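Positions are given from 1 along the sequence. In listed order, ligands and their atoms are each counted from 1. Every value quoted in this text rests on a predicted model; they were computed, and no experiment measured them.
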Amino acid sequence: MNADDPAVSLTKPPVAVEDNDLLLPGFVTERISPARSTAVAARVGIFLGVSITMCFVTGLISHWIQHPPPWFWWPANPVWLYRLTQGAHVVSGVVAIPLLLVKLWAVFPRLFARPLIGNPLRLLERGSIAVLVGSIIFQLVTGLFNTAQFYPWKFFFTTTHYAMAYVSFGALAVHLAVKLPVVRSALARPSAETVSAPKEPGAVSRRGVFVAATAAAVVAGVAIAGQSVPLLRRVSVLAPRSGEGPQGLPVNRTADQANVIAEATAEEYRLEVGVGEAKRGFTRAELAALPQTEAEVPLACVEGWSASAHWSGIRLRDLLAAVGEYRGGDVEFRSLERSGLYRRSVLPQTHVVDADTLVALRLNGAELDLDHGYPCRLIAPTRPGVLQTKWLSAIEVLT
Ligand SMILES: Nc1nc2c(c(=O)[nH]1)N[C@H]1C(S)=C(S)[C@@H](COP(=O)(O)O)O[C@H]1N2
Ligand SMILES: [Mo]
């Protein structure tokens, strides 16, 4: 090849890197593809930033519902709201995976740029990249494994995933602030940067990379979205929990695994309800004799799967009224389960008084299956699945 050939100068950029005064070692510049450009990195980076922000915000919401800080308020309507935010959390996280890979591919040669450390600003930039890449990979991988209920590690997923979210989002903010000038100039040169295809045969173009990144992100999104979007179920290879369970709903923990079958089916079963000083135990027959209400409330697991369901049972507010006067406050639900993380949940007042909050006895037109919480379970709108306590043994207004 001739060094004066304009095509060559396009595909083999000079040693100075386009975004700043850094120098790349010769062996890297020799092999660098023009598609590994700042233009591609910046554009893919914007999509990546949007999906990570969406994932972060929806993740925080899910965390706050489960561990509410004093100032936090979450509505009881519309019933599908949590289904939407948690579906968006999982989809945006999965979409970010191919985007991150392309982004890393695009910037990879720059990781060898000299000076390796340099001035304090450059040190900050390098440090933020190291933390960013490490923590994002950690978040995406652990999150994806969690959707499959696969935990090949020792730490507790929820707390670690939550703590790491702040680390990665903080690193993202620093990274963006440092890179803002580069991003702005890269976006300001659309025609020169994205349109110029390399003349070298077989070389990949910038537009090609960008289209491939977008396509990969769409495929990844569709592959997981079937967990919450029934129409996509058949094409969603990454939606492991969308399979059918009893009564057309998946089950995360069966009655057998929870070791509650004997007590749940016992003659002596009572649901103990406490409202202030007033206490009353209900047999299953007594519960069934109370006025029944129906509600269409989806189950939306934090792992990303969700499904519509038709419940019938007693409105929680009616049940409390049958025992004593509810004067406001949170209500605690306890399960027959002796151990397990989800044997207890606390329902805020907004949901306690909502007409769709039920102590459910029936599901999709039949008696509640043992695996879905027989003799009765909590069903409240726009709440994570893990808080929809099954096999209830006691309900108590907290004071
Ligand atoms: N007592 C009890 N209730 C529970 C659980 C549990 O392990 N124990 N799992 C929860 C989780 S994580 C989800 S997603 C829903 C699922 O309800 P399903 O099994 O009826 O589909 O139940 C919730 N209720
Ligand atoms: Mo769940």
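When E337, Q388, K390 are ranked by how near their heavy atoms come to atom 8 (N) of ligand 1, first place goes to E337.
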Could you give me the CA-CA distance, side-chain angles and deciding distance for S335 and T389, then say whether side-chain hydrogen bond (donor to acceptor under 3.5 Å, both in side chains) is met? CA-CA 7 Å; S335 171; T389 312; over 6 Å; no
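For the pair P250 and ligand 1, a heavy-atom separation below 4.0 Å is found. A heavy-atom separation below 4.0 Å is found between R377 and ligand 1. The shortest heavy-atom distance from L299 to ligand 1 is under 4.0 Å.
The pair K279-E272 fails the salt-bridge criterion, with no side-chain N (NZ, NE, NH1 or NH2) lying under 4.0 Å from an Asp/Glu carboxylate O. A salt bridge links R334 with E396: the closest approach of a Lys/Arg side-chain nitrogen to an acidic carboxylate oxygen falls below 4.0 angstrom.
At a heavy-atom distance under 4.0 Å, no atom of L249 approaches ligand 1.
Contact between T382 and W74 at its shortest, heavy atoms only, is O-NE1, 2.8 Å. The minimum heavy-atom distance linking L368 with A360 is given by the pair CD2-O, 3.5 Å. Across every non-hydrogen atom of P384 and Q66, the tightest pair is CG-CG, 4.0 Å. Contact detail for A41 and K103: the closest heavy-atom pair is O-NZ, 3.2 Å.
Here is the list of ligand 1 atoms found below 4.0 Å of a heavy atom in N252: 12 (S), 14 (S), 19 (O). Set against the non-hydrogen atoms of C301, the atoms of ligand 1 under 4.0 Å away are 14 (S). Counting the atoms of ligand 1 from 1 in the order shown, those under 4.0 Å from a heavy atom of W391 are 1 (N), 2 (C), 8 (N).
Remark: ligand 1 and W305 share no N or O pair separated by less than 3.5 Å (distance only, no angle test). Checked by distance only, ligand 1 and S335 come closer than 3.5 Å through their nitrogen or oxygen atoms. Taking only nitrogen or oxygen atoms, main chain and side chain alike, H372 reaches within less than 3.5 Å of ligand 1.
Looking only at protein heavy atoms, the nearest one to atom 23 (C) of ligand 1 is G385 O, 3.1 Å. Nearest to atom 7 (O) of ligand 1 among the protein's heavy atoms is R253 CD, 3.0 Å. For atom 5 (C) of ligand 1, the closest non-hydrogen atom on the protein side is Y342 CB, 3.9 Å.
Using modelled atom types, no side-chain atom of R280 and backbone atom of V273 make a donor-acceptor pair closer than 3.5 Å. Put simply, the side chain of S62 never gets that close to the backbone of T58: no donor and acceptor are under 3.5 Å apart.
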